[in-house]
Structures are given as C-alpha cells and as structure tokens.
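Structure first, commentary second.
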Amino acid sequence: MNDLALLLTPEGRALLDEVRDTEPAQELAVATRLRREHPAELVSAALGQARLRQRAVAKFGAEDAGRMFFTPNGVEQSTRASVAAYRARRLRELGVASVADLCCGIGGDAVAMARAGIRVLAVDRDPLTAAVARANAEALGLAALIEVREADVTEVDTAGYDAVFVDPARRGGRGRVFDPEAYSPPLSWAVETALKAPRAALKVAPGIPHEVVPDRAEAEWISDGGDVKEAVLWFGTGAPGTVRATLLPGPRTLVGRGLPDPGVRPVGRYLYEPDGAVIRAHLVAEVAEEVGGGLLDPTIAYVTADAPRPTPYASAYEITDHLPFNVKKLKALLREREVGTLTVKKRGSAVEPEELRRKVRPQGPNAATVFLTRVAGAPAMLIGHPSG
Ligand SMILES: C[S@@+](CC[C@H](N)C(=O)[O-])C[C@H]1O[C@@H](n2cnc3c(N)ncnc32)[C@H](O)[C@@H]1O
C-alpha cells in the first residue's frame with residue numbers, strides 16, 4: 001500500500017489528526033512514541049503529510065490545508081486558493097459550467113472551480129498526484145463535481161466541455177523552466193488545444209515574453225498582496241489582444257489602453273511604485289496617465305508626479321529629498337533626520353539594500369524610505385515616506 005492509501009484508512013486518518021500540530025523539533029519523540037502502537041511506515045507517512053499540510057497553509061488556509069492531502073511537488077506547484085478562486089469566478093462569469101482541467105496536480109484549481117459551481121474533469125498523468133487530487137475532492141466534499149482521471153492530457157478528448165484550463169508543469173529536473181516550449185506539455189500544445197475549445201485559460205509563468213502571447217489571447221498578469229503570481233492567457237473572452245493587470249485580494253483590474261511609453265519628466269513631489277503585475281503587463285503608461293505623471297528614467301518603472309492621486313495600481317510616496325547616489329551624504333541626511341528605520345527600495349541599481357543599511361547604520365525614532373534608482377540616466381537616491 002502506498003503512503004496515501006495508508007493515510008486514507010481509518011487508522012491513518014486518526015493518526016493524521018493526532019500528529020496535526022507536531023512541531024519539527026518534537027517529531028523524533030512523537031515518532032518513537034507512536035511507533036509503539038502503529039506501523040513505522042504509517043507513522044512516517046502521517047508525520048510527512050502533517051509537515052506538507054503545514055507548508056500548504058500559506059496557499060490554502062489552515063482549514064482546507066488541514067483536510068487536504070499533498071505531495072512535496074504538489075504543494076509547490078499548486079495554485080494558491082486566492083488566485084484559483086479569482087480565475088474560477090471569471091470562468092463562471094464567462095458562462096462556463098464545465099471545464100477540462102488538464103494537468104490538475106493535487107487539485108488546487110479543480111477545487112476552486114468546483115466551488116465556483118463548475119463541473120470539472122481533472123486530469124494528471126502521475127498516478128500518485130491523480131490519487132491525491134481524488135482524495136482532495138472527497139476531503140472537501142466536492143467529489144460530485146470533480147471527476148479525476150489518470151491520463152496523459154494529450155490523449156484526452158475535451159469535446160463537450162465549455163472550457164479547458166491548462167496549468168503545465170514548469171519545473172524540470174533542475175528547477176524552474178523559463179522556455180514555454182519546455183513546459184510539460186509545451187505551450188504550443190496548450191494554445192492549440194485552447195483554440196479548439198469554446199473558451200480556455202492557460203496558466204503561464206509571469207515572466208512569459210509578451211512576444212509569445214498569441215494574437216487571439218487576452219493576457220492577464222495577477223498579483224496577490226503585491227507579489228506577482230502568474231500570467232493567464234485567456235481565449236474566447238471576446239477581447240483578443242487585451243492586456244490586463246489584476247491585483248488581489250481586490251480584485252482590481254487595470255485594462256491596457258494601448259498607450260505609448262510615458263515620457264521622462266523632472267522629479268516631482270510624489271513617486272509611484274507600480275504593482276508588479278502592472279509592470280509585467282507593461283501597463284506603467286496607464287498608471288502614469290492615471291496619476292498625471294511621467295517616468296524618472298526611460299528604462300525604469302518608477303513614475304513621478306506633482307500631486308498625490310491615490311491609485312490601487314501603485315504605492316505612492318512623498319519625496320522629501322533627491323540626491324545623486326552618495327552613501328556619505330545619505331548617512332549624514334539620515335542622521336540629521338534621526339531616521340532609525342530605513343526601508344530600501346531599488347530599481348536599476350546594483351547596490352544591495354542590506355549592505356547599504358549596514359553602511360549608513362540608521363539610528364533614531366523616525367522612519368524613511370530610500371529609493372536607489374536612476375534619474376534620467378544618472379544613479380540617484382530619492383528619500384521619502386509612504387503617502388496617505
Ligand atoms: C503545475 S502542476 C498543476 C497544479 C494544479 N493546477 C494545482 O493548482 O494544484 C502541473 C501538473 O501537470 C502534470 N503533467 C505534466 N505533463 C502532463 C501530461 N502530458 N499529461 C498529464 N499531466 C501532466 C504534472 O504531473 C503536474 O502534476
């Protein structure tokens with residue numbers, strides 16, 4: 001019997017409950033004690049699963065993570081619940097009632113789609129991963145909506161489904177895979193499959209070059225809590241060529257208006273740091289227009305403006321000082337202002353924030369933010385604090 005099968009027995013489930021909150025430091029002692037009453041194999045499976053569940057809390061929340069089953073790769077590769085729920089809602093709003101989830105992994109997306117009321121065929125070729133996805137559908141009471149099939153996705157007939165969703169494996173033997181053709185299955189296969197379906201969503205790495213986005217796709221970059229998580233290529237949304245940046249938890253979506261690059265302008269009173277999804281989606285010009293600003297430098301995604309105009313798509317800072325890059329001057333200025341808490345942000349600078357903080361040794365009751373960047377090509381420091 002494999003580990004998962006052991007854990008699904010009544011004895012395995014009871015043991016999983018018992019070891020749920022085991023701290024890593026206690027594991028050895030707990031294992032020794034439990035092995036007196038349970039098979040060693042089951043004890044180590046339960047402790048291993050408890051550890052995976054603890055790791056999964058950040059993605060799935062304590063309640064779901066505590067009921068679900070994981071494999072090490074499955075936790076790593078699964079979509080976090082917030083992003084999966086957003087995408088599932090969008091599919092539902094597009095009228096999708098059934099979806100073929102091709103490359104379902106342990107079922108992160110399948111669960112979210114089922115919870116949005118979508119019937120899911122979830123396919124993965126890895127036998128253990130497929131079994132875990134099935135266990136998760138059951139554990140979360142979604143088995144009636146999720147059918148799990150162990151198969152190669154390239155051999156699955158998706159006719160009859162309202163949509164296909166593909167989340168290819170992006171990790172090879174040596175870490176993350178950047179070339180979309182090296183995904184498993186390759187992006188070209190996913191696009192071909194998408195074009196045959198009424199609607200489709202393909203999850204890709206956020207670093208995907210814009211040139212490889214097919215003309216018929218809408219491309220959406222998604223961040224959660226300011227961290228860019230993924231890009232999605234949507235098909236059949238009626239908006240080919242559209243570029244969007246969506247910020248969770250909102251959700252707030254900025255839709256590209258095809259603006260040309262914003263011009264460079266002198267440093268104003270405010271600096272706007274666009275969200276990573278906005279930057280990856282190449283929508284800095286849209287944010288610049290929204291705040292009535294321009295760029296500090298033609299190659300850097302910092303926007304500067306004279307007025308504070310709150311926008312969800314960028315963090316605003318009020319700038320108090322603008323100096324050429326010079327550590328001694330920064331140190332003197334921070335001493336004068338009694339700055340003890342220094343946040344270092346950088347774009348277009350090779351300086352290591354930690355090293356800078358060590359050199360300037362901030363001391364005092366005040367806080368400040370320093371931006372290490374370039375202003376019209378020259379290394380510069382802008383000092384300020386969050387606005388509003
Ligand atoms: C990134 S994971 C999917 C994660 C999933 N969306 C989630 O949220 O849990 C990709 C999965 O694709 C599967 N896979 C890769 N190539 C496949 C193929 N040709 N057929 C079926 N599954 C495949 C891998 O086994 C892996 O579980």
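Numbering of ligands and ligand atoms starts at 1, following listing order. All of these numbers come straight from a predicted model, not from anything done at the bench.
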Which ligand 1 atoms, with their elements, are less than 4.0 angstrom from a heavy-atom of [X]?
X      : answer
Gln77  : 1 (C), 2 (S), 4 (C), 10 (C), 26 (C)
Asp167 : 1 (C), 2 (S), 3 (C), 4 (C), 5 (C), 6 (N), 10 (C)
Asp109 : 5 (C), 6 (N), 7 (C), 8 (O)
Thr129 : 27 (O)
Ala151 : 20 (N), 21 (C)

Answer yes when [X] and [Y] have at least one side-chain N-carboxylate O distance shorter than 4.0 Å, and no when they do not.
X      : Y      : answer
Asp64  : Arg115 : yes
Glu230 : Lys203 : yes
Arg265 : Asp306 : yes
Lys359 : Glu355 : yes
Glu218 : Arg90  : yes

#### Entry: Exceeds 12 heavy-atom contacts within 6.0 angstrom, atom CZ of Arg357
yes
### Task
Using a cut-off of 6.0 Å, state whether more than 12 heavy atoms not belonging to Glu336 lie near its atom CD.
yes
### Query
For ligand 1, which part of Thr79 has a heavy atom less than 4.0 Å away: the side chain, the backbone, both, or neither?
both
### Query
Considering only heavy atoms, does Ala110 approach ligand 1 within less than 4.0 Å through its side chain, its backbone, both, or neither?
neither
In the protein, which heavy atom is nearest to [atom], and how far is it?
atom                    : value
atom 16 (N) of ligand 1 : Ser184 OG, 2.8 Å
atom 19 (N) of ligand 1 : Asp152 OD1, 3.2 Å
atom 14 (N) of ligand 1 : Cys103 SG, 3.7 Å

### Query
To which of Ala122, Ser78, Gly108, Cys104 does the heavy atom nearest atom 5 (C) of ligand 1 belong?
Cys104
#### Entry: Shortest reach to atom 25 (O) of ligand 1 by a heavy atom, considering only Asp124, Val166, Val153
Asp124
### Task
Give yes if a backbone or side-chain nitrogen or oxygen of Arg125 is under 3.5 Å from a nitrogen or oxygen of ligand 1, and no if not.
yes
### Summary
Minimal heavy-atom distance between Pro308 and Pro310, with the atoms involved, is O-CD, 3.8 Å
### Query
Heavy-atom contact under 4.0 Å between Gly74 and ligand 1?
no
### Message
Does the Lys NZ or Arg CZ of Arg269 fall within the cation-pi geometry relative to Tyr317 - under 6.0 Å from the ring centre and within 45° of the axis?
### Response
no
